[in-house]
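Since the structure comes first, as structure tokens, the remarks are kept for the end.
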Amino acid sequence: MNFKWFGPVALLAALFIGDQIRINRPGHKYRLTVEVETPEGSKSASGVLAVHPDRGYSRGGHTSTKGDAIFVDLGGGKNLVALLAHIDKKLDLDDINYVALRAYTAAGGKRVSFNEMNRLTGSVPVREALIPVLVTFADPANPGTARAISPDDAEAALGKGYRLQGITAEVVPNGLWPLDFGGALGEPVTRGIVAKLPWLNGAGNPAAIALRAAGLPGIEAIDAKEAFTRK
């Protein structure tokens with residue numbers, strides 16, 4: 001066997017793999033935690049989202065987020081879901097990319113740059129316009145039972161004694177991405193919304209059915225499934 005080209009080929013392979021890691025590595029990850037007051041006490045759930053800036057060579061891409069919507073089991077058959085979407089006259093799928101950055105900026109009183117995010121620590125509140133769209137499902141197995149929840153009046157959708165206590169964002173380490181399988185390697189992006197909403201991968205665009213049932217605007221202009229999960 002001729003090993004003449006082994007060294008150059010191995011070097012090119014290493015350069016290619018390293019460049020792909022550079023391009024696709026998250027700019028930062030953050031944990032989004034939702035806490036709800038219920039008649040039986042406080043209930044909460046959280047998930048890790050990864051924010052990926054466009055580092056490619058085409059300059060035609062944009063910042064994106066990977067992760068799942070946050071499903072909070074409130075007990076008694078009730079639930080609250082924080083979608084990967086906001087409303088700015090219509091549904092917006094891009095603002096989720098900047099929730100943590102804007103929350104840290106608001107908490108610190110000075111602008112935080114995108115490049116600083118991975119070095120920040122501690123949790124900060126997510127308030128007002130930064131709060132994602134909140135919905136509830138009377139029957140999580142039926143997308144047509146979705147109903148929107150106002151952050152200021154959860155009782156209207158969930159019943160007496162239910163109140164949004166707060167939402168927080170906390171930067172977590174990128175870890176040894178793409179080997180971030182947990183533990184010392186770093187926290188992976190949280191998955192699990194499909195197990196909570198089993199119709200999500202079904203035919204007939206059930207995500208759009210859910211968003212329409214909740215009375216949310218501008219559904220025709222987006223990929224409705226991306227309000228629940230981003231790959």
Side-chain angles (χ1 to χ4, degrees), residues 27 30-34 36 45-54 60-72 78-103 105-106 114 125-154 156-158 162 164 166-169 189-194 196-231:
Y30 69 96
R31 179 182 291 105
L32 192 67
T33 301
V34 182
V36 181
S46 64
V48 173
L49 304 171
V51 181
H52 294 253
D54 174 28
H62 63 280
T63 299
S64 61
T65 291
K66 295 183 180 181
D68 281 3
I70 312 300
F71 185 102
V72 188
K78 295 181 183 291
N79 56 79
L80 179 148
V81 183
L83 300 180
L84 306 178
H86 291 75
I87 292 182
D88 182 8
K89 296 183 181 178
K90 60 182 181 178
L91 276 174
D92 183 291
L93 298 180
D94 289 334
D95 278 359
I96 196 70
N97 303 327
Y98 310 104
V99 164
L101 184 149
R102 291 168 178 167
T105 293
F114 197 92
V126 174
R127 298 187 176 121
E128 300 175 348
L130 297 182
I131 295 176
V133 174
L134 307 176
V135 299
T136 185
F137 291 87
D139 177 3
N142 183 351
T145 65
R147 185 178 178 187
I149 296 176
S150 168
D152 299 322
D153 186 14
L158 295 171
Y162 291 87
L164 179 67
I167 301 178
T168 59
V189 165
T190 304
R191 298 296 182 184
I193 194 64
V194 173
K196 302 292 186 180
L197 305 176
W199 41 263
L200 198 53
N201 287 331
N205 201 0
I209 293 172
L211 300 182
R212 288 193 186 94
L216 301 173
I219 298 163
E220 295 75 14
I222 65 168
D223 179 348
K225 189 175 178 181
E226 289 199 345
F228 294 90
T229 184
R230 309 275 181 92
K231 300 298 185 185

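No hydrogens, no waters, no symmetry mates; every other heavy atom, side chains included, goes into these values.
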Within-4.5 Å side-chain heavy-atom neighbours: [X] and [Y]:
X: F114; Y: L101; answer: yes
X: L49; Y: R230; answer: no
X: V34; Y: L164; answer: yes
X: T229; Y: V194; answer: no

Enumerate, atom names and distances included, each donor-acceptor pair closer than 3.5 Å involving a side-chain atom of residues 127-139, sequence neighbours excluded.
| from | atom 1 | to | atom 2 | distance (Å) |
| --- | --- | --- | --- | --- |
| T136 | OG1 | N79 | O | 2.5 |
| T136 | OG1 | N79 | OD1 | 3.4 |
| D139 | OD1 | A141 | N | 3.0 |

Kindly compute the distance separating [atom1] ([X]) from [atom2] ([Y]), expressed to the nearest 0.5 Å.
X: K225; Y: L200; atom1: NZ; atom2: CG; result: 5.5 Å
X: I70; Y: T33; atom1: CD1; atom2: OG1; result: 7.5 Å
X: K90; Y: I222; atom1: NZ; atom2: CD1; result: 9.5 Å

Specify the closest pair of heavy atoms between [X] and [Y], including all atoms of both residues, with the distance to one decimal.
X: A69; Y: A227; value: CB-O, 4.1 Å
X: V51; Y: N97; value: CG1-O, 3.6 Å
X: V126; Y: T168; value: CG2-C, 3.9 Å
X: K78; Y: L158; value: NZ-O, 2.8 Å
X: P140; Y: P198; value: O-CD, 3.9 Å
X: A157; Y: I149; value: CB-CG1, 3.8 Å

Practice task
Output all residues satisfying side-chain contact (heavy atoms from CB on, under 4.5 Å) with Y98, sequence neighbours left out; order by chain, then residue number.
Solution key: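 Result, side-chain contact (heavy atoms from CB on, under 4.5 Å) vs Y98: T63, R102.
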Could you go through residues 206-220 and list every donor-acceptor pair under 3.5 Å that involves a side-chain atom there, pairing it with any protein atom two or more places apart or in another chain?
none

Exercise for the section: Given side-chain contact (heavy atoms from CB on, under 4.5 Å), test Y30 with V99 step by step and report yes or no. Expected result: CA-CA 9 Å; Y30 69 96; V99 164; 3.7 Å; yes
Practice task
Could you walk me through whether F228 and L83 pass side-chain contact (heavy atoms from CB on, under 4.5 Å), step by step?
Solution key: CA-CA 6 Å; F228 294 90; L83 300 180; 3.5 Å; yes
Practice task
Answer yes or no: is there a donor N or O on one side and an acceptor on the other, between the side chain of D68 and the main chain of I193, under 3.5 Å?
Solution key: yes
